[in-house]
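Read the structure below first, then the notes.
Predicted model only: the values in this text are computed from it and were never measured. Hydrogens, waters and symmetry mates are skipped; everything else that's a heavy atom, side chains included, is used.
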Amino acid sequence: MSEAGERNRPQHTSGDQGDGSRRTALSKRDEAGVRGRTTIADGVVEKIAGLAARDVAGVHAMGGGLSRTLGAVRDRVPGGSSKSSVTRGVKAEVGEVQTALDLEIVVDYGYSIADVARDVRENVVSAVERMTSLEVVEVNIAVSDVKLPDEEDDDDTEPRIR
């Protein structure tokens, strides 16, 4: 058989390979992983990171005051929300094998900002790496505000008057 014909011939998936080795189901799965490419959109990583950050005690909200206010207005207008509230305050840059994240958070009064930032960073890195298999190279956190107990939320859905 010609050299080209030999290269294009299907490989045996079980049994003897001629050299006495046997291929296993595991090695077939490993080979299947290199037969294509998986790409993950920035928005997917932003959603994962946003949800993971909100799960941390002491995080009152995501995003700065203006972005939260504008987001609340967009959320109230039918069809007006161009960016999900889950991704508010999160920006991701996604490469082929790595990602970097920028988060903007509001911390509840009484919590240690350093501890909240550390917990957010750990939770976000864990969730993103577990779900995407991307390496998180950095998580930058900007604390834009502290929510005082007597302050009203900017994005409160209750009308002020009835």
Side-chain angles (χ1 to χ4, degrees), residues 23-162:
R23 295 178 66 188
T24 64
L26 180 61
S27 67
K28 276 178 65 175
R29 270 197 311 268
D30 290 343
E31 287 178 9
V34 297
R35 293 184 190 171
R37 230 174 84 188
T38 302
T39 57
I40 300 171
D42 292 1
V44 172
V45 175
E46 289 171 355
K47 283 183 180 180
I48 295 167
L51 289 171
R54 283 174 174 77
D55 282 346
V56 174
V59 174
H60 177 75
M62 300 290 294
L66 183 59
S67 73
R68 289 194 331 268
T69 301
L70 293 175
V73 170
R74 276 195 308 262
D75 290 346
R76 290 184 191 148
V77 176
S81 183
S82 62
K83 189 169 184 179
S84 168
S85 63
V86 174
T87 60
R88 189 174 303 134
V90 182
K91 177 68 179 135
E93 291 181 38
V94 179
E96 288 187 26
V97 295
Q98 295 179 325
T99 186
L101 294 150
D102 294 320
L103 282 72
E104 188 174 0
I105 65 173
V106 176
V107 176
D108 284 319
Y109 179 80
Y111 284 85
S112 163
I113 292 174
D115 290 346
V116 170
R118 184 196 64 239
D119 293 347
V120 166
R121 193 171 283 112
E122 289 175 359
N123 210 33
V124 166
V125 168
S126 174
V128 170
E129 287 185 345
R130 183 183 74 249
M131 293 183 70
T132 66
S133 295
L134 294 169
E135 177 190 6
V136 179
V137 293
E138 67 181 8
V139 178
N140 299 312
I141 299 173
V143 178
S144 61
D145 201 359
V146 173
K147 167 67 171 72
L148 300 176
D150 58 344
E151 284 182 331
E152 294 210 13
D153 287 337
D154 292 338
D155 56 354
D156 197 8
T157 57
E158 291 292 316
R160 291 181 7 172
I161 55 176
R162 293 177 196 234

With a 3.5 Å distance limit and no angle check, can you tell me whether E46 reaches the backbone of T87 through a side-chain donor-acceptor pair?
no
Does G50 offer a backbone N or O that forms a donor-acceptor pair with the side chain of R88 under 3.5 Å?
no
Who are the side-chain contact (heavy atoms from CB on, under 4.5 Å) partners of A53, not counting sequence neighbours?
M62, L103, V120, V124
Nearest heavy-atom neighbours spanning [X] and [Y]:
{"X": "A92", "Y": "D42", "answer": "O-OD2, 3.4 Å"}
{"X": "Y109", "Y": "V146", "answer": "CA-CG1, 3.7 Å"}
{"X": "V86", "Y": "R54", "answer": "O-NH1, 2.9 Å"}
{"X": "G63", "Y": "S144", "answer": "O-OG, 3.6 Å"}

Could you measure the distance from the CD1 atom of I48 to the OG1 atom of T99? Nearest 0.5 Å is fine.
9.5 Å
Between the CD atom in E151 and the CG atom in D145, the distance rounded to the nearest 0.5 Å is 6.0 Å
Show every side chain to side chain donor-acceptor pair (under 3.5 Å) that has at least one partner inside residues 118-130, sequence neighbours left out.
D115-R118
Distance-only check: which donor-acceptor pairs under 3.5 Å involve side-chain atoms of residues 133-143, not counting sequence neighbours?
unit_1 : atom_1 : unit_2 : atom_2 : d
E135   : OE1    : Q98    : NE2    : 3.0
E138   : OE2    : N140   : ND2    : 3.3
N140   : ND2    : D102   : OD1    : 2.9

Between V128 and L101, is a side chain to side chain contact (heavy atoms under 4.5 Å, CB included) present by the stated rule, with each step listed?
CA-CA 10 Å; V128 170; L101 294 150; 4.3 Å; yes
